[in-house]
Amino acid sequence: MSGNKGKSLAVFLIFAVILVGMLIAGMWEKNWSFLAVTILFAALTFLYLDFERGSVSSREIGLIAVLGTMAAVARVPFAALPNIQPTTFMVIVSGFVFGPRAGFMVGSTAAVVSNFFLGQGPWTPWQMLAWGLAGITAGVVRTFRPRIGSAGMVLFCFTWGYLFGWIMNLWFWTAFIHPLNWKSFLAAYAASFWFDTLHALGNAGFYLVFGSRIIKVLERFQKKLKFTLVENTNG
Amino acid sequence: MALFEIENLTYFYPESDAPALENINLRIEEGELLLIAGGSGSGKSSLARLLAGLIPGFYGGKLAGRVLFRGKKLSELGPRLLNTQVGIVFQDPEQQLVMTTVEAEIAFGLENLGLPQGEMFRRLSEVMSFLGLTSLKQEFTANLSGGQKQKVALAAVLAMNPRVLILDEPTSQLDPLAADEFFHLVERLNKEMGYTVVLIEQRLERCFHLADRLAVMEKGKILRSGPVKEVARWEVENSLPFIPPVAKFFATLRIPSLPLTVKEGRKELKRLYSGLPALRKDQPRHHHLLPVQETRQGPGVVELKNVWFTYPNGKEALKGVTLRVNKGEFAVVIGENAAGKSTLLKQMVGILKPGRGRVLVMGKDTRTLSLPELARHVGYLAQNPNTCLFQDTVEEELRFILDNLGLEDGGMIDAVLKKLGIIQYRKTNPRDLSSGERQRVALAALLVAKPTLLILDEPTRGIDYRLKKDLGCFLAGLAKEGLTVVMVTHDMEFAAEYAERIIMMFDGRIVSDGSKHEVLGDSLFYAPQMTRLFKDFAEGVLTVREGIEKISANGDFGPCLATKGSL
Amino acid sequence: MLDRLFYEDKGVLLQNLHSVTILGYLAVLFALALLFSHPLYLAGIFLISALAVVTAEVLEKWEFYLKAGLWMALLIMVINPLVFHAGKTILWRSPTLPLLGNVSICLEAICYGAAMGIRLLAVLTIFCLAAAVVHPDKFLSLFSRFAYKSALVVSLATRMLPAAARDLANAREMLQLRGVDYGAGNLKERLKKYSWLLDLLLLSSLEGALQIAEAMQARAFGTGPRSCYRRELRRPRDLLCFTACCFALVFSCYAKAKGYGDYNYYPQLGVLVPHPASLILLGIILGSLALPLVLNWGWKHWPYLRSKI
């Protein structure tokens, strides 16, 4: 199996060389959109590699896939409420309960999978990163502030409504606007302000009405992830 | 040496005080087909998981006793060897496929075994040809029908080249046609390919005759195991319900040869009746394609008047359906898949509104009523009771609907829970109950709002004989009290036993509508087993009880009357 | 909406290429759309990708992308002139506006905005093409070679999504039939009703997670080193298309190094064609990128070619 390992190392190296090359080209050319895309792909690669290197049980894979599906299906619009979708909220609670790594996988999976049905676009990798980061940060919040409390989490969810929109605007801003300065940044972001505000309100609202309940459900399930050792009483 | 030997095995799931398997002793011989029957929660599935090594490999828990596979302890085989020797197909086709195409799905297990490319390719091609899956090779697994999904799951297991196949209620979620096809495959695999098969099933009428041996389980114990006919006789003596109609009929009559299939049974009947009756011309009966209601009196609870319906995707699902169901009727809708049965129910509930024609519930047009308004009159139980239970306790589940409809409790919750025999679970989380109990909770949540019309979409799917009997008696009782019950089922034995009216649909139209004896007694292929058995011998036989009555009236066979009480 | 894959099998050549070839082709198109800033080069890339969409027979799907794209392109063309005023050719100078101050609209910024609009449309078209000709399974099987756990998670979720979408619709109906009116109430009440749906769905799918895990374990998942099933065939067409891609990439790098791919919008619009070589190079690049499309056409209309490639 060492041949296989060598092969994947080679693939990894080639990939790394391409990435570094793209980075240098982007910086040298001052082509910011190219640079932004490169950094995006580097970040995603790093995060996925981290998941690959960790050990995961079949139960965890099943769980992450199910949560990712849930977050993806939550993109279906509901009862004429524009941009109020619980996807971000689902990703955040997943990350909060199951940790940064699972949070990232749930968020990025939701993005890529829902787009297999809705249509992939240049937005897909950015959504993967944005939702992935939402999951990661939620997990990190849990490690540093385990007793963050409901108010803190509502604020956290609210903030991610804007952060998500800002990350999504990055590709638009870097690729199509010149020059890249505060003024153009603000202009690009002003265009999506109401959209992002609705998203933020929706996130906060979902956490308020449903947050503690869903965390309870997920935590109850978390116990089932652990494997109880066998006691074989005889022979 | 037997293939499997289980000795004094007792098993507890983690954090459980009651044993899931208790003192199991079982030998499974090479090449046999062992059928395991029993109610839900009897430990059948746990036994399947034990044989496949998932207990304790996946579940953990406490285990005492031992399981030997060809003389070696299961735990010493190691997971990889075990997985190549024993394959398992599970109940739910939705929850066992992992990849996006059929080909990748079948390859998944082989990849996990680390097989070389050439070997994988050969096995895949053979398995796909054998099961006729080649044309589906590139198909998206989520788009397959339930029957196809189970076939792919079987293919994926077969590709791993196991010696034993464990099938854990593989057809419980399939329609009868797909189930038959699956059983044919199982028969071929066992008879022609020599696989050892352990089959766990509820639909015994379709597989009873395939088995070499039968084991009956209850409360984690094996009550009895042995040759099928012997166990069948024993079951009838002990009034256990896990036995299909034909076998039950002959076992009740104490016929020594105990026929298991309609073919064998008719031979036996010929002997009893001393030959076939004289040839008669079939009288084509007048079928009520149009207004049945003229012949029926009483106020219509739900009425469809020339209803046409086309789905947004262009599929015309109802084509001029006219139907009236009266107060206190128990009507069953039958028909093949996509015949429009579920669409019909959804029209009655008001989820769908007719394209042309009118649907009246309690005399009011559904188009003028909102769903919450309709919810006061109509209770609807979906196929899977899991999709409607989400509160923390059974009581809250019932209170939820009362609150939504703005109704007062007034002792209704207690009354309904008592009536369904689940009052002891009042404070239990519905998710911790068995599937049969969950269904009762879902039913209770509907009845608490005192609907006048109860609509059920395939409530018999995947439940065992005993639960079916309870459900049937309960629904028939409700109808007697004046509630109107309309349900869809594929289970003709159930319809024959409990319904009074049968509505047969085909391609969006009602093709036959009348009392169960009119519709089922006359049916070519929807006829229940007993009707097929008695065809040309006697008319009007749908159930075992009716068969026994008929044959006792024949005079030649008096002694069986004595055993009638045990039915 | 979520119950049918975006990908549909149309039986065109682009769907029948090796995954490395088709992904390479798309990646080259995408990279070029980002690298070039010359309007002619951008228009060329857009043209090729539009032709590819036509040959892939997915015009109706392209419409969805174009609708989204036009809106964004408009935004680009408005924002660019608003934020950049240093162009030399001032077309219009506004009176002093609150917040924005003196806004001067210059020709250069409008041209830049237009070029960027084309870039955006090109990028969207390339993604539309990718979504229409690459089956998710092709994509995932490629990734499963070096990231099989992630690929497994994604394929599992893809497989489960249509069922989840159906379950959601069913749960929604079930709650309506238990007296829940989604249209009524203020935002908080509506969110609450929505959260019941999520609750229902979550509870039933979490049980499914364990069953799936069990099914994976029963099929030897995680029992040791695994291998990878490769089912794709390499045909002459893959070699042809791949070579064409490399060709296009090499010449693009050359054009970029020579500065032909770039264009000075500011402070004053540069010369569109500084040297005839710039056009020749563009022709070569577009020609090689068009090769798969020509093959696609021939493959469809000429059985002889089909048997040869």
Side-chain angles (χ1 to χ4, degrees), chain A residues 1 4 8 11-12 31 33-34 37 48-49 51-52 56-59 61-66 68-70 72-74 76 78-79 81 86 90 105 109 112-114 116-122 172 175-179 181 183-184 187-188 191 202 205-206 208-210 213-214 217 221 224, chain C residues 1-2 4-6 34-35 61 64-65 72 75-76 79-80 82-84 112 116 119-120 123-124 127-128 130-131 136 146-147 149-150 152-154 156-158 160-161 164-165 168 182-183 187-188 190-192 194-195 198-199 201-203 205-206 208-210 212-213 216-217 221-222 225:
Chain A
M1 280 297 133
N4 222 345
S8 55
V11 169
F12 177 73
N31 188 334
S33 67
F34 202 77
V37 169
Y48 272 110
L49 273 182
F51 179 72
E52 285 302 317
V56 262
S57 68
S58 54
R59 285 166 199 247
I61 288 196
L63 172 78
I64 290 171
V66 159
T69 312
M70 284 286 302
V73 82
V76 175
F78 176 83
L81 297 171
M90 283 292 311
M105 283 307 287
T109 304
V112 71
V113 167
S114 58
F116 276 142
F117 295 81
L118 302 171
Q120 304 283 3
F172 178 78
F176 306 110
I177 308 289
H178 182 89
N181 57 22
K183 217 164 152 190
S184 66
F206 275 116
L208 269 177
V209 300
F210 194 42
R213 155 93 184 158
I214 195 172
V217 169
F221 187 81
K224 293 192 188 168
Chain C
M1 190 161 63
L2 285 174
R4 236 181 41 202
L5 275 184
F6 188 88
L34 287 191
L35 272 179
K61 288 186 170 155
F64 157 74
Y65 282 86
M72 282 194 278
L75 199 67
I76 291 169
I79 291 182
N80 272 310
L82 277 182
V83 296
F84 192 76
Y112 182 77
M116 290 305 109
R119 173 187 277 178
L120 175 78
V123 167
L124 287 178
F127 272 94
C128 172
F146 37 95
K149 289 178 209 156
S150 319
L152 182 60
V153 168
V154 174
L156 199 46
T158 311
M160 291 193 284
L161 190 59
L168 182 71
Y182 296 116
L187 184 65
K188 192 177 170 191
R190 286 192 196 193
L191 287 182
K192 186 150 200 121
Y194 199 159
S195 71
L198 284 184
D199 203 351
L201 206 58
L202 187 67
L203 286 171
S205 24
L206 281 179
L210 285 184
I212 278 282
M216 287 184 351
Q217 192 132 329
F221 178 75

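Just so it is clear: chains get the letters A, B, ... in the order the sequence lines come, proteins before strands, and each one is counted from 1.
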Peer 1: Please flag which part of Ala130(C) lies under 4.5 Å from any non-hydrogen atom of chain A: side chain, backbone, both or neither.
Peer 2: neither
Peer 1: Drop me the distance from Arg213(A)'s CZ to Leu198(C)'s CG, to the nearest 0.5 angstrom.
Peer 2: 11.5 Å
Peer 1: Looking at Gly62(A), Gly121(A), Gly205(A), Ala74(A), which has the largest count of heavy-atom pairs under 4.5 Å with chain C?
Peer 2: Gly121(A)
Peer 1: Just so I understand: if I count every heavy-atom pair under 4.5 Å between each of Thr109(A), Leu63(A), Ile61(A), Val217(A) and chain C, which residue has the most?
Peer 2: Ile61(A)
Peer 1: Applying side chain to side chain contact (heavy atoms under 4.5 Å, CB included), name anything that partners Ser114(A), two or more places apart in sequence or on another chain.
Peer 2: Ala72(A), Arg75(A), Leu118(A)
Peer 1: Among Lys149(C), Lys61(C), Lys188(C), which residue forms the greatest number of heavy-atom pairs with chain A at distances under 4.5 Å?
Peer 2: Lys149(C)
Peer 1: Which atoms of Phe221(A) come close to chain C, meaning under 4.5 Å heavy atom to heavy atom: side chain ones, backbone ones, both, or neither?
Peer 2: side chain
Peer 1: Among Ile79(C), Val153(C), Val154(C), who wins on heavy-atom pairs under 4.5 Å with chain A?
Peer 2: Val153(C)
Peer 1: Decide side chain to side chain contact (heavy atoms under 4.5 Å, CB included) for Ile214(A) and Asp199(C); before the verdict, give the C-alpha distance in whole Å, the side-chain angles of both, and the deciding distance to 0.1 Å.
Peer 2: CA-CA 7 Å; Ile214(A) 195 172; Asp199(C) 203 351; over 6 Å; no
Peer 1: Specify the closest pair of heavy atoms between Glu52(A) and Ser150(C), including all atoms of both residues, with the distance to one decimal.
Peer 2: OE2-OG, 2.5 Å
Peer 1: When rounded to the nearest 0.5 angstrom, what distance separates CE in Met216(C) from OG in Ser58(A)?
Peer 2: 5.0 Å
Peer 1: Just to verify, what does Leu5(C) make a side chain to side chain contact (heavy atoms under 4.5 Å, CB included) with, not counting sequence neighbours?
Peer 2: Phe116(A), Phe117(A), Phe140(B), His135(C), Pro136(C), Thr158(C)
Peer 1: Counting heavy-atom pairs under 4.5 Å with chain A, which one of Leu210(C), Leu201(C), Leu120(C), Leu168(C) comes out on top?
Peer 2: Leu120(C)
Peer 1: Who among Ile76(C), Ile212(C), Val123(C), Leu152(C) has the most heavy-atom pairs with chain A under 4.5 Å?
Peer 2: Ile76(C)
Peer 1: If you round to the nearest 0.5 Å, how far is CG of Leu124(C) from CD of Gln120(A)?
Peer 2: 13.0 Å
Peer 1: Examine Phe210(A) together with Tyr194(C) and report whether their ring centres are nearer than 6.0 Å.
Peer 2: no
Peer 1: To the nearest 0.5 Å, what is the distance between OG1 (Thr69(A)) and CG (Leu156(C))?
Peer 2: 7.0 Å
Peer 1: I'd like to verify something: which residue of Ala131(C), Ser195(C), Ala209(C) has the highest number of heavy-atom pairs under 4.5 Å with chain A?
Peer 2: Ser195(C)
Peer 1: May I ask you to name which of Asn80(C), Leu203(C), Leu75(C) has the most heavy-atom pairs under 4.5 Å with chain A?
Peer 2: Asn80(C)
